[in-house]
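Protein chains get the first letters and strands the later ones, always in sequence-line order, with residue 1 at the start of each. Any value given below was found using the heavy atoms of this structure, including those in side chains, with hydrogens, waters and symmetry copies removed.
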Amino acid sequence: MRSHYCGQLNASHIGQTVELNGWVHHRRDHGGVIFIDLRDREGLAQIVLVPETTEIFKLAEQVRNEYVLRINGAVRRRPEGTENPELPSGAIEILVSNLEILNRSDPIPLPLDEHTQKISEDVRLRYRYLDLRRTEMQNHLITRANIVQFLRRFLDDKGFLDIETPMLTKSTPEGARDYLVPSRTHLGQFFALPQSPQLFKQLLMIAGMDRYYQIVRCFRDEDLRADRQPEFTQLDVETSFMDEQDITNLMETMIRQLFMAILGIELPNPFPRLTYAEAMQRFGSDRPDLRIALELVDIKDLMVEVKFKVFSTPANDPKGRVVVLRLPQGNSLLSRKEIDDYTKFVGIYGAKGLAYIKINAWNSKGRDGLQSPILKFLPDTAIEGIMQRTGAEDGDLLFFGADQASIVNEAMGALRVRLGQDLKLLKDQWCPLWVVDFPMFEWDKSAHRWSALHHPFTAPKLENTDSHGKLLGDLSNMLSRAYDLVLNGSEIGGGSIRIHQEELQRQVFNLLGISESEAEEKFGFLLQALKYGCPPHGGIAFGLDRLVMLMTHSTSIRDVIAFPKTQTAACLLTSAPSAVNPKQLEELGLRVHLRTTTTTKSLSN
RNA sequence: GGAGUGGUAGCUCAGUUGGUUAGAGCACCGGCCUGUCACGCCGGGGGUCGCGGGUUCGAGUCCCGUUCACUCCGCCA
C-alpha cells in the first residue's frame, strides 16, 4: 500500500522512505538516468532511476506512458539548479530502490498533457475514464465531492434529515416529458423516473419529518443544453412551519458559507432581491446577470405618436414593449458588420430587426450630431426624451427593441448578456440575487389555457385568498410565493411555499384545466394527504451540477459530471441506449414499432 | 421540430481555382544519450479524407442526402 500520494510530497519528507502507487505521466530516458513523472489523484512526483540498480533500471527502460507502477524509494532534495518551481513536489525527487510494473498500457487515444490543445468532446466521452485522469477533471470531481460534503454537514447541523424517495414512481401530467419504465408485474403499465421528488417531500412534511433534504438524481426527457442533462442532481430541501423569509435566509446562509469554505469567497450579505417584474423590466430576464451594468430603458410612452410603425404599433399595444439598451462608448466598440451580426443574433429570439442610433456629437450639434437610419422618423421630443432617459453621452450607441413584450424581453435581454460577454463588460465578481414575486400563472398560447409558472403546488400570495382560502382576483396579475436563486445569470435554485389546504389545491388544479376526475387520478394521494393535518410547508431545490459548474468555472455541466450524456441523450462510453433482447420485451408485453426505418444505430462513424 | 459550426493519421490541425504519390506537430516503433521535467538527436511505420449518392477526364475540395459531436431557438411545471 502507498505511504503517500505523489502530489503531497515536499521538502518536509526528505530522508523518508516512501511507497508510491501511480501512473506514468512522462518518462524521460537519458540513457544513463531515467526520470519518471509518477501521477496520482493528488499530483506528480519525479522518480529517478540510475543504472547502479541494474535490475530495476532494465525494468524502467520498458516503462511507457500510463503504465501503473509501485515504487519504493528515498525522498531526497534535488541537486542544486534542477528544482522545478512549477511542481508542488518540485524541490524533491525519489531515488527508486524497488519498482514493480503493476500493469501495462496501450498507447492511449487522447493526450493527458495539460499543454496540448483541447480534445474534441466525443473522444473525451468515448474514453471518459481516461479523460477523468486529467488534472482538470480530477479537480472538478474533487471540488464537487467537497461541495456535497459541505452541504450535507450544514444541513445535518441544522437538523435536516436525509431521506430517500423512490426512483420508480408515478407519471404526472404537466411539466417535462417523463422517462418511462415498463412494469413486468403490471403488464401494460409504466413507472416514471422522477422529474423531482416534489410530491414525496411534501408527503414527508405531512408525515411530520419537519426538515428534509436529499441529494437526488432527477430525470427529464427534454432536449439538452450546455447546462441541461437528461439526468441531473438536485439538492432538494423541504421544511415545515417556515415562511419564505425563513427559508431564503437559511439557504442564503448555506450558499454564503459554501463559497467561503470551498472558494474562500465572500458573497454579499444579504443577497439582493428583485421582484420578477423589476427583473423583466430592467434586464428582460428572470435570471439577470448582474455582473453586466447595462439595463433596458422603457420608452414606450415616447413612441405612441411617432410615424414609424415598427415603434408605434407595439407602443399602442397593451402587450407591446419598446426599450433602449445604451452601450456606453459603443460607437468605437462596434463596427457596422458587428451591429449587423447582432441584428441576426436578436433575430433568433424573434426580433424583426435591431434599430440603433449612434451618438456622435449630441452636446455640440443636437440631433444633427446623431446618426441613424431611423432618425428621420423621430420627432425632437422623442429624441430628447430618449437622450434624457438613457443619460446617453457622445460616443454612445443606443439599441432599440420594439415588439411584443415577450419578444423584446428575450431578444434585448439576450443582447444585453451577449454584449456583456463579447465586449468583456462582466465585472469580475460573484453576483447572487433572489428573484421573488413571480406570477402565479402564465397563459399558454399553444394549449389555450393557464399553466403554473413554477409548479401547480405553489401557494399564491396571501392577499390573493380570502379568509377561507379561496382564490380571489385576476389570474394574470396573481403572484405566487415562489423564489429563485440566481447566480451570474444562471438559475441555481428555485422553490416556494406550497399549498397546504386541500380546497385551495383543488381550485388551482381546476384553474390549470385539470378536471376533477383527472386530479383524483393523478394527484388523489396528495389531495387525500392534505386532509390529514398537513402543516404549512415549503422548500427549495438547487441544481447541484450548475452550482458546481459555476464554482469550478466550467462552461458545461458535462465537465462536472463523471459520465454525462451527449446532446442526443446518448452515452458514448457504453453506447446506451441500445436495443434489447426480444425475450426482455416479451416479458414486459411490449412490441417495438418504429416510425422510421432506422432500426440499428451505427455506433462508430 | 428548427438554425448554425465542425468531422482529413491515435490526438490537434493545414490542405490554394477541382489536377502528380494527402502534409505538419504531438503520440507510437527502432537506435543513441547520466540531470531532465512539453528532455534532446537520428531513423521509421501509420490515411475507407464521417457515410451514401451525384457532377466531372479527374473530387479531401463542387452539389444532394445522411450521420455523429457541439452551440443556440423551440422545449425544459
Q: Check if the side chain of A/Asp223 and the base of B/G74 share a donor-acceptor pair of N or O atoms closer than 3.5 Å.
A: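 Donor-acceptor pair under 3.5 Å: yes.
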Between [atom2] on [N] and [atom1] on [X], what's the gap in Å once rounded to a whole number?
| X | N | atom1 | atom2 | answer |
| --- | --- | --- | --- | --- |
| A/His25 | B/A27 | NE2 | C1' | 14 Å |
| A/Tyr349 | B/G2 | OH | C1' | 14 Å |
| A/Glu222 | B/G1 | CD | P | 13 Å |
| A/Glu66 | B/C28 | CD | P | 10 Å |
| A/Asp341 | B/G4 | CG | C1' | 13 Å |
| A/Gln198 | B/C76 | CD | P | 17 Å |
| A/Asn65 | B/G10 | CG | P | 18 Å |
| A/Leu112 | B/U12 | CG | C1' | 14 Å |

[N] - base-pair partner by Watson-Crick or wobble geometry, distances under 3.5 Å:
| N | value |
| --- | --- |
| B/A69 | B/U5 |
| B/C28 | B/G44 |
| B/U17 | none |
| B/A38 | none |

Partners passing side chain to side chain donor-acceptor pair (under 3.5 Å) against [X] (at least two apart in sequence or in another chain):
| X | result |
| --- | --- |
| A/Arg76 | A/Glu93 |
| A/Trp434 | A/Glu252 |
| A/Asp341 | A/Lys337 |
| A/Gln214 | A/Thr165, A/Tyr212 |

Q. According to the ring-ring contact (aromatic ring centres under 6.0 Å, His included) rule, which pairs have a member within residues 33-68 of chain A, sequence neighbours left out?
A.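 Only A/His30-A/Phe35 qualify under ring-ring contact (aromatic ring centres under 6.0 Å, His included).
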Q.
Assuming nearest nucleotide by heavy-atom distance, tell me which of A/Arg177 and A/Thr555 is located more 5' along RNA chain B.
A.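 Its nearest nucleotide lies further toward 5', so the answer is A/Thr555.
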Q: Could you label the plane-to-plane angle of the A/His455 and A/Phe457 rings as parallel, tilted or perpendicular, counting under 30° as parallel and over 60° as perpendicular?
A: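 Because their plane-to-plane angle lies in the 30° to 60° range, the rings of A/His455 and A/Phe457 count as tilted.
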Q: Classify the ring geometry between A/Tyr342 and A/Phe399 as parallel (under 30°), tilted (30 to 60°) or perpendicular (over 60°).
A: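 Rings of A/Tyr342 and A/Phe399: perpendicular, over 60°.
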Q) When you compare B/U12 with B/G30, how far apart are their P atoms, in angstrom units rounded to a whole number? A)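 Going atom to atom, P in each nucleotide, I get 25 Å.
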Q) Quantified in whole Å, what is the C1' atom distance between nucleotide B/C28 and nucleotide B/G65? A)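 My reading of the C1' atoms in B/C28 and B/G65 gives 38 Å.
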Of [range], the positions that come close to RNA chain B - non-hydrogen atoms, cut-off under 4.0 Å:
| range | answer |
| --- | --- |
| residues 224-239 of chain A | A/Arg225, A/Ala226, A/Arg228 |
| residues 486-495 of chain A | none |
| residues 409-422 of chain A | A/Glu410 |

Q: With sequence neighbours excluded, tell me which residues meet salt bridge (charged side-chain N to carboxylate O under 4.0 Å, His left out) with A/Arg177.
A: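 With neighbours one apart ignored, the set is A/Glu222.
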Q. What residues form a salt bridge (charged side-chain N to carboxylate O under 4.0 Å, His left out) with A/Arg78, not counting sequence neighbours?
A.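 If we apply the salt bridge (charged side-chain N to carboxylate O under 4.0 Å, His left out) test to A/Arg78, skipping adjacent residues, there are no hits.
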Q: Decide if atom CZ of A/Arg449 counts as having more than 12 heavy atoms of other residues, nucleotides or ligands within a radius under 6.0 Å.
A: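 Atom CZ in A/Arg449 is packed in, count exceeds 12.
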**Q.** Set of ring-ring contact (aromatic ring centres under 6.0 Å, His included) partners for A/Phe441, sequence neighbours left out
**A.**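 Result, ring-ring contact (aromatic ring centres under 6.0 Å, His included) vs A/Phe441: none returned.
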Q: If a protein heavy atom is under 4.0 Å from the base, mark B; if only from the sugar-phosphate, S; if neither, -; do that for nucleotides 30-43 of chain B going 5' to 3'.
A: S--BBBBBBB----
